[in-house]
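Remarks on the structure that follows.
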Number of protein chains: 2
Amino acid sequence: MKISTKGRYALRLMLDLAVNNTGEFIPIKRIAERQEISEKYLEQIITQISRAGFVKSVRGSQGGYQLAHKPEDYTVGMILRLMEGELSPVACLDEPGGCERADRCVTVEVWQAIKEAVENVVDNITLADLVKRYQEKGECEYYI
Amino acid sequence: MKISTKGRYALRLMLDLAVNNTGEFIPIKRIAERQEISEKYLEQIITQISRAGFVKSVRGSQGGYQLAHKPEDYTVGMILRLMEGELSPVACLDEPGGCERADRCVTVEVWQAIKEAVENVVDNITLADLVKRYQEKGECEYYI
DNA sequence: TTTATATCATATTAAATCTATATGAATAAC
DNA sequence: GTTATTCATATAGATTTAATATGATATAAA
């Protein structure tokens, strides 16, 4: 019942772009340093993100990435689905034909309920929410 | 973000014991036939379940398994946790020290919310609920 | 025009995990 | 003692995960 590193890293990557947005393009190298994630692995991940049109990219020197839209336009669910596929706890929920045992199967109702619960969380948190939380958290540290 | 076959099979196994309970001990072979799951694999799974005290077992001819308690005493969460461990989408939620980046990490709040949403589902469905749904579903078939 | 800095595209790999299967001992009913 | 069953552990094949590696392509700046 785990989310892969790709999903987790993708969210941190997108959040990093949102938090550190200055209008300039941010190279993967900077993000890899800040997030302490392998640069080459992040490259793979952002390639997927870029193909989905979630970020704008510029090649060459002074190049890098930028969010294509405003932080409030990205839900956590959008980002996770991009890397993980459907957020179902079992495959049969997403298969066209479903399962042969569907007529007798009761457990599928459990899986469906789990899926909906997860979706209800991730589809109602945006990058903007996380940016806000990040800033609140940063301010708190002065008082510790 | 998938539940393993062990978790899924364990739930079907426990539900099978609940639905087919006649007071006699049910051999794994019967369950494997009904559920169309490898007998040897189910043996492995029920060994874990048995060690946790969820079922009573009797060896030898005429032996088999029985639920140790009433169906209403088992939540789906209890069964899944037994096979899957904690139902966290990320490991850091369950590690004693947590994560080094915890002070700066905002994504952990997302994972925590997902975990709680999943727990809210699985801890509020019992085997008895599923037995009831199974019976309702069975009755419906006459009218299709 | 060269050099440094980046993205873009694929291939490869090591390790872990999943999903079983296999073998055989121990136990109990008949 | 034969058969049916749980109990215990070992083995194995397949898949997925999590990277690393190699190199081509594009751009800005020196």
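Remember, predicted model here, so these are calculated numbers, not experimental data. Here is how names work: the chains are called A, B, and so on, in the same order as the sequence lines, proteins then strands, and each is numbered from 1.
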To the nearest Å, how far apart are K2(B) NZ and dT15(D) C1'? 14 Å

Within the structure shown, what part of the strands sits under 4.0 Å from R51(A) by heavy-atom distance: base, sugar-phosphate, or nothing? sugar-phosphate

Can you check whether S4(A) has a side-chain N or O nearer than 4.0 Å to OP1 or OP2 of dT17(D)? no

Length of the OH-C1' vector between Y65(B) and dC7(D), whole Å: 7 Å

Which pairs count as ring pair (Phe, Tyr, Trp, His ring centres under 6.0 Å) when at least one residue sits in residues 91-131 of chain B, sequence neighbours excluded? none

Quick one: list whatever passes side chain to side chain donor-acceptor pair (under 3.5 Å) with R8(B), sequence neighbours left out. none

So does Y9(A) get a side-chain nitrogen or oxygen closer than 4.0 Å to the phosphate oxygens (OP1/OP2) of dA18(D)? no

Whole-Å distance between dT17(D) C1' and M1(B) CE? 17 Å

Nucleotides 28-30 of chain C: which of its N/O atoms have a protein N/O under 3.5 Å away?
unit_1	atom_1	unit_2	atom_2	d
dA29(C)	O4'	S61(B)	O	3.4

Residue pairs fulfilling side chain to side chain donor-acceptor pair (under 3.5 Å) with at least one residue in residues 69-78 of chain B, sequence neighbours excluded: none

Of all pairs that satisfy salt bridge (Lys or Arg N to Asp or Glu O under 4.0 Å), the ones with a partner from residues 35-51 of chain A, not counting sequence neighbours: E36(A)-R101(B), K40(A)-E43(A)

Please list residues of residues 21-50 of chain B whose heavy atoms come under 4.0 Å from any atom in DNA chain C, ordered by number; otherwise none. S38(B), K40(B), Y41(B), Q44(B)

Distance, nearest 0.5 Å, that separates CD1 of I3(A) from CD1 of I114(B): 4.0 Å

To the nearest angstrom, the CD1-P distance between I3(B) and dT19(C) comes to 12 Å

Who are the side chain to side chain donor-acceptor pair (under 3.5 Å) partners of Q112(B), not counting sequence neighbours? E116(B)

Check side chain to side chain donor-acceptor pair (under 3.5 Å) between D94(B) and all other residues, then give those that pass, not counting sequence neighbours. S88(B), K115(B)

d(NZ, K56(A); P, dC8(C)) in whole Å: 14 Å

State, without any angle test, whether R30(A) and N20(A) hold a side-chain donor-acceptor pair at a distance under 3.5 Å. no

Please check the phosphate of dT5(D) (OP1 and OP2 only) for any side-chain N or O of S57(B) closer than 4.0 Å. no

Output every pair passing ring pair (Phe, Tyr, Trp, His ring centres under 6.0 Å) with a member in residues 20-42 of chain B, not counting sequence neighbours, ordered by first then second residue. Y9(B)-Y41(B)

